[in-house]
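Below is one structure, written out as structure tokens, with a few remarks after it.
Per chain, numbering begins at 1; letters A, B, ... match sequence-line order. These numbers were taken from a predicted model, which means no experiment stands behind them.
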Amino acid sequence: MSTEKLKEIILKVLPDVDTVIGWQEGFDKIHITPFFMKSPEDAEKAVWNSLCVQNLAAYLPSLKKKTAVIVKGCDSRTIVQYMQEGLIDRSNVVIIGIPCTGVVSVKKVLKAVDYQPIEDVKFSDEKIIIKTSKGEKTLAIADVCPDKCKTCQYPTPIVYDHLAGDPIESTKPAESVYEDIKEFEKKSLEERRDYFKNEFDKCIRCYACRNACPMCVCQDSCIAETRDPHWITQKLSSEEKMMFHMIHAVHLAGRCVECGECERVCPMDIPVAKLKKKINSEMKELFDYVPGVNPEDKPPMYTFNVEEAKIKEHKL
Amino acid sequence: MADTGFLPKEKLKDFLEALSKDAVVYAPALEGDIVLFKEYSQGKDLYLDRPANLGPKSIIYPQCETLLSFDFKKNDPEDPKKVDIELKTESNFANTVVFGCRPCDAKGLVIYDKVFIDTDTADPYYKERRDKTTIISFACEAPFAGCFCTAVGGGPADTTGSDVLMTDVGDGFFFEALTEKGKAVLKSVPMQDGASYKEKAQKIKSEAEKKIRNPFPKDATEKLSQKLFDSDEFWEKVVSKCISCGACTYLCPTCYCFNITDEKTKDKGERIRTWDACMFNHFTLETSGHNPRPSKLKRFRNRVGHKFLYYPEKYNGVIACCGCGRCIRYCPASVDISEIVGYLKDPKQK
Amino acid sequence: MALNQNPYMPEMATVTRIIEETPNIKSFQVVFNDKEKMKAFKFQPGQVGQLSVFGVGESTFVINTPPTRMEYLQFSVMKAGEVTSALHNLYEGDQIGVRAPLGNYFPFDRMKGKNILFVGGGIGMAPLRTLILYMLDNREDYKDITIIYGARTPPDLCYKEDIKEWESRKDVNLILTVDAQFPGWEKRVGFVPTVLKEVAPKPDNTVAITCGPPIMIKFVLEGLAELKFPDDQIVTTLEKRMKCGIGLCGRCNIGHKYVCKDGPVFTLRELKELPDEA
């Protein structure tokens with residue numbers, strides 16, 4: 001898939017929409033930044049490569065005017081979930097899908113080059129070549145991709161109006177999705193508690209995870225800050241932080257589309273997606289439900305039936 | 001003992017251990033893949049290869065602190081409804097050394113000093129910690145992603161706010177005491193005479209300075225364009241991608257906005273002060289529902305305004321930004337404040 | 001600081017009297033527990049205080065008694081959020097904290113020898129009350145005093161005792177109005193800005209002081225402009241979400257001015273030089 005093809009599509013849809021949300025080069029060569037395009041001149045600056053990590057669909061509910069958005073397969077699940085929950089007006093959104101074989105975790109790349117400022121970045125078949133003042137380093141994208149790409153089931157967007165490239169089939173076994181969770185659960189209860197306590201201790205309550213989360217719909221009325229109800233104080237103890245992260249996770253039960261944005265944006269590198277993934281694995285187990293896959297679905301926690309069609313609670 | 005000194009690299013830990021005899025020492029350490037200031041204890045590993053994700057601001061201006069605590073007391077058995085309230089404040093901050101922060105981090109503290117100390121209503125909590133803390137900064141040899149300290153009046157070896165400046169001169173560290181406090185800490189361990197390293201350190205520092213990028217355009221003016229600053233269209237263009245989180249402000253060495261809230265249990269409680277962020281909607285939300293800065297555009301404008309217009313207006317032209325680049329590096333959407341200020345300094349390129 | 005070295009430390013005080021002004025506004029008369037401090041307390045009309053209900057929080061209110069009447073400090077509180085609700089639940093004799101005085105004050109010296117026009121709405125009458133009482137206590141320093149005061153309904157008018165006194169005085173021109181017809185109400189009906197235009201006070205040698213809900217202030221300012229009041233003869237007092245009250249916490253700023261410390265009193269001319277974030 002070439003950036004040229006993407007630009008063609010952007011130019012085609014621009015006249016019908018207020019904005020096309022895509023990506024452009026950021027403050028350095030490794031950081032790509034979201035780009036709100038309004039004009040054909042803007043479209044010229046659009047880019048697409050494995051550094052286009054942000055889930056742009058997350059901006060949609062806050063926009064009133066008709067908007068086109070560029071989505072990868074994983075990002076498209078956000079839109080499907082929005083459709084399920086009535087959070088967007090589908091007729092007000094133009095979806096430009098991009099088949100994607102995997103993006104790059106900027107954090108992993110920076111670590112691989114000892115956090116040296118990056119002078120240049122090049123791509124060559126499934127590899128990323130990073131130039132720093134210390135020389136060039138070639139990394140296989142598979143080695144520096146976010147965890148979500150390793151088990152990606154939806155390389156091609158689930159919904160789209162335009163597809164910039166040929167559809168790709170997933171090559172990753174479906175059972176692999178929750179393998180990391182199963183692995184983690186082999187640890188003892190104490191080990192897991194200590195692990196999370198240690199991780200959440202680093203939390204500075206900046207709420208980047210919450211604000212980047214496409215499904216965090218409470219936003220400005222979040223329980224983390226309200227005084228009525230007053231469930232969480234502003235104190236910095238790991239209990240308070242854990243409480244916030246647990247509420248965040250539970251709020252996403254059967255809604256988390258596993259885009260990984262919460263974890264990607266965390267300036268303290270806390271694996272905040274783990275809790276959410278665990279709950280999703282339970283939802284899959286109990287209700288045979290995967291969020292953000294079928295626009296006709298209803299999230300299981302949105303409904304209550306005496307005889308839940310797919311519930312397997314008796315097997316627990 | 002002169003005002004300078006030299007220590008071979010293997011002796012650095014001896015220095016820290018000597019310092020920790022009389023003070024609590026905080027030094028950068030690796031926590032997983034991030035760098036944080038941690039209390040130094042014997043044998044602990046230091047990490048000086050890159051600036052900490054969160055600088056030392058939380059040591060002198062903690063993210064959460066108790067301003068006062070109160071006890072509800074029923075002293076009158078005749079009148080069980082009558083509640084007396086006893087207020088208490090506590091201060092037990094020990095002498096502290098911050099070791100290995102960067103010059104930009106130290107400069108940030110000077111920005112705080114003007115707000116918290118140089119006022120008729122000085123903040124006694126901040127002042128006590130500031131007075132009891134000695135800052136040993138580590139000069140940068142090269143910039144890190146997003147750095148632009150020289151463009152905002154600082155530099156990779158700027159001495160503002162530091163008590164000691166330390167420079168890596170290859171086989172060891174060259175120390176310069178900048179204040180009386182600095183001189184005192186250099187005495188805590190026998191050092192070699194630093195005089196012969198002075199020139200080398202100076203060369204490293206001036207080389208470093210040349211490597212820092214200037215994000216502002218060539219035709220940039222000192223003053224920001226008020227017209228562009230007032231334009232909603234401009235802010236929409238540059239900050240639509242902002243997700244209104246607090247990462248930039250919490251990591252910022254010069255951001256100091258705070259909240260005060262009360263917490264209580266049955267018979268006691270406390271009034272706490274916690275960091276707050278002007279990027280949050282609730283920050284200025286009034287009980288009536290009215291919000292003077294209701295959109296992220298207005299809030300972002302206020303953040304840039306505070307650093308580059310309002311603070312300088314109040315404090316003799318000093319910019320409340322130290323160019324550390326953290327807000328750029330760690331922004332979920334890679335919003336670049338230096339780019340935005342660049343447009344404001346030279347509107348024609350926008 | 002007038003009270004204490006620690007600007008966050010409130011002075012303990014006792015609520016001596018609670019007056020139910022309207023269905024949702026109560027006035028609290030407060031004296032410091034430390035009698036010496038009460039005696040030594042100095043402030044100027046328009047300055048504010050932070051009231052603490054310990055365990056709930058602090059909130060800012062103007063001291064609406066004038067410095068010429070120091071038996072107690074009075075604060076009027078409209079029930080709206082957490083702290084104001086907690087204040088409304090207090091009884092006479094209860095303990096609260098007070099941090100005062102904070103902020104600037106009305107330029108009453110510069111108003112000497114002038115006609116004074118007060119335009120207030122609802123709870124916005126509180127800061128005006130301070131200055132009105134101060135001026136009445138120094139009546140010879142000021143020329144004509146006109147007060148236009150409006151509320152939604154007659155029961156929503158605050159300071160009913162004061163109103164009675166002002167109505168009876170010959171040296172005060174009091175004009176009351178309510179938003180809509182109300183059984184038994186025989187005075188004016190209409191929004192404050194409309195009544196202002198009907199009354200049409202002359203701007204010559206006159207200072208206008210206004211406070212009320214933001215929307216009322218907006219239209220009053222327009223009305224005063226139509227009546228040719230110059231910007232520096234129009235004074236208003238602002239309300240903002242505040243925490244520290246001493247210009248540090250960063251939330252009440254409009255540009256480089258902090259409403260808690262540089263305000264709350266501003267002339268319209270000063271406001272026009274700041275960003276439109278009131």
Problem - Heavy-atom pairs under 4.5 Å with chain C, option from B:Ile260, B:Leu68, B:Thr287, B:Thr89 with the top count - result: B:Ile260
Practice task
If the plane angle is over 60° it's perpendicular, under 30° parallel, otherwise tilted; pick one for B:Tyr310 and B:Phe229.
Solution key: perpendicular
Practice task
List the atom of C:Ser27, the atom of C:Glu21, and the distance in Å for their closest heavy-atom pair.
Solution key: OG-OE2, 2.7 Å
Exercise for the section: Can you tell which part of C:Asn253 gets under 4.5 Å to a heavy atom of chain B, answering side chain, backbone, both or neither? Expected result: both
Exercise for the section: Tell me, for C:Val53 versus chain B, whether the close heavy atoms (under 4.5 Å) come from the side chain, the backbone, both or neither. Expected result: backbone
Handout entry: Between B:Asp84, B:Val83, B:Asn302, the one whose heavy-atom pairs under 4.5 Å with chain C are most numerous
Key = B:Asn302
Fill in the blank from the handout: Whatever's closer than 4.5 Å to a heavy atom in chain C on B:Thr265 counts as neither
Handout entry: Proximity breakdown for B:Tyr311 and chain C, heavy-atom pairs closer than 4.5 Å
Key = neither
Problem - Check: B:Tyr112 side chain, B:Pro253 main-chain N or O, donor-acceptor pair, under 3.5 Å - result: yes
Problem - Contacting moiety of C:Cys252, where chain B heavy atoms sit under 4.5 Å - result: neither
Exercise for the section: Look at B:Arg326 together with B:Asp105 and state whether they make a salt bridge at an N to O cut-off of under 4.0 Å. Expected result: yes
Practice task
Run the numbers on B:Asp118 and B:Tyr315 for side chain to side chain donor-acceptor pair (under 3.5 Å), then give the verdict.
Solution key: CA-CA 10 Å; B:Asp118 302 343; B:Tyr315 301 107; over 6 Å; no
Problem - Region of C:Lys257 that comes under 4.5 Å of a non-hydrogen atom in chain B - result: neither
Problem - Contact class of B:Phe258 relative to chain C, heavy atoms under 4.5 angstrom - result: both
Practice task
First locate atom CD of C:Gln29, then atom CD1 of C:Ile19, and finally report the distance between them rounded to the nearest 0.5 Å.
Solution key: 4.5 Å
Completion exercise
Separation between OG (B:Ser225) and NZ (B:Lys345), nearest 0.5 Å, reads 12.0 Å
Completion exercise
Looking only at B:Glu263, B:Arg293, B:His306, most heavy-atom pairs under 4.5 Å shared with chain C are made by B:Arg293
Handout entry: Aromatic ring proximity B:Tyr61/B:Phe116, centre distance under 6.0 Å
Key = yes
Practice task
Count the heavy-atom pairs under 4.5 Å between each of B:Lys314, B:Arg271, B:Lys82 and chain C, then report the option with the highest count.
Solution key: B:Arg271
Handout entry: Largest heavy-atom contact set with chain C, pairs under 4.5 Å, which of B:Leu309, B:Thr261, B:Asn259, B:Thr119
Key = B:Asn259
Handout entry: Part of C:Glu82 lying under 4.5 Å from any heavy atom of chain B
Key = neither
Problem - Step-by-step side chain to side chain donor-acceptor pair (under 3.5 Å) determination, C:Thr236 to C:Thr210 - result: CA-CA 5 Å; C:Thr236 184; C:Thr210 181; 5.4 Å; no
Practice task
Could you tell me which portion of B:Ile85 (side chain, backbone, both or neither) has an atom closer than 4.5 angstrom to a non-hydrogen atom of chain C?
Solution key: both
Fill in the blank from the handout: Max heavy-atom pairs within cutoff under 4.5 Å with chain B, candidates C:Pro214, C:Cys244, C:Gly97, goes to C:Cys244
Problem - Residue C:Ser52 versus chain B: region with a heavy atom under 4.5 Å - result: both
Problem - C:Tyr8 and B:Tyr125 aromatic ring geometry - parallel, tilted or perpendicular at 30°/60° bounds - result: tilted
Problem - Salt bridge flag under 4.0 Å for residues B:Lys298 and B:Asp232 - result: yes
Problem - Region of B:Asp276 that comes under 4.5 Å of a non-hydrogen atom in chain C - result: side chain
Exercise for the section: Could you look at B:Val115 and say if it's the side chain, the backbone, both or neither that has a heavy atom under 4.5 Å from chain C? Expected result: both
